[in-house]
Amino acid sequence: MGKIILRLDRVMADRKISLNELSEKVGVANVNLSKLKNGRVSAIRFSTLIALCEALNCQPGDIIEYSPESEE
């Protein structure tokens, strides 16, 4: 089975935005954004994804990536 990789940290670095600043812009607690940034979540609400895309001026595919199961 493949997996979903969250790239929020990379997008934030590209945009030079801090966790605190992003938290204020999207209205999501720092703790929850930190979990999202570090990939420790199993789900994300579309409303949160929309808010992130608006705040970071990006597309959902910039934040979320699918990685198929590696062939070993």
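Index from 1, following the sequence. Just so it is clear, the structure is predicted and the values come from calculations on it, not from any experiment.
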Going by atom type alone, with no hydrogens or angles, which donor-acceptor pairs under 3.5 Å involve a side-chain atom of residues 49-67 and a protein atom two or more places apart or on another chain?
| residue | atom | partner | partner atom | Å |
| --- | --- | --- | --- | --- |
| Asp62 | OD2 | Gln59 | N | 2.9 |
| Glu65 | OE1 | Arg7 | NE | 3.1 |

Identify every side-chain donor-acceptor pair in residues 35-47 under 3.5 Å, counting partners at least two apart or on other chains, and give the distances.
| residue | atom | partner | partner atom | Å |
| --- | --- | --- | --- | --- |
| Asn38 | ND2 | Ser34 | O | 3.0 |
| Asn38 | ND2 | Ser34 | OG | 3.4 |

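Rounded to the nearest 0.5 angstrom, Asn30 CG and Ser23 OG are separated by 4.0 Å. Residue Lys25 holds its NZ atom at 9.5 Å from OG of Ser18, rounded to the nearest 0.5 Å. How far CZ of Arg10 is from CZ of Arg15: 10.5 Å, rounded to the nearest 0.5 Å.
Residues Ile5 and Leu8 do not share a hydrophobic cluster, clusters being chains of Ile/Leu/Val/Met/Phe/Trp/Tyr side chains in contact below 4.5 Å.
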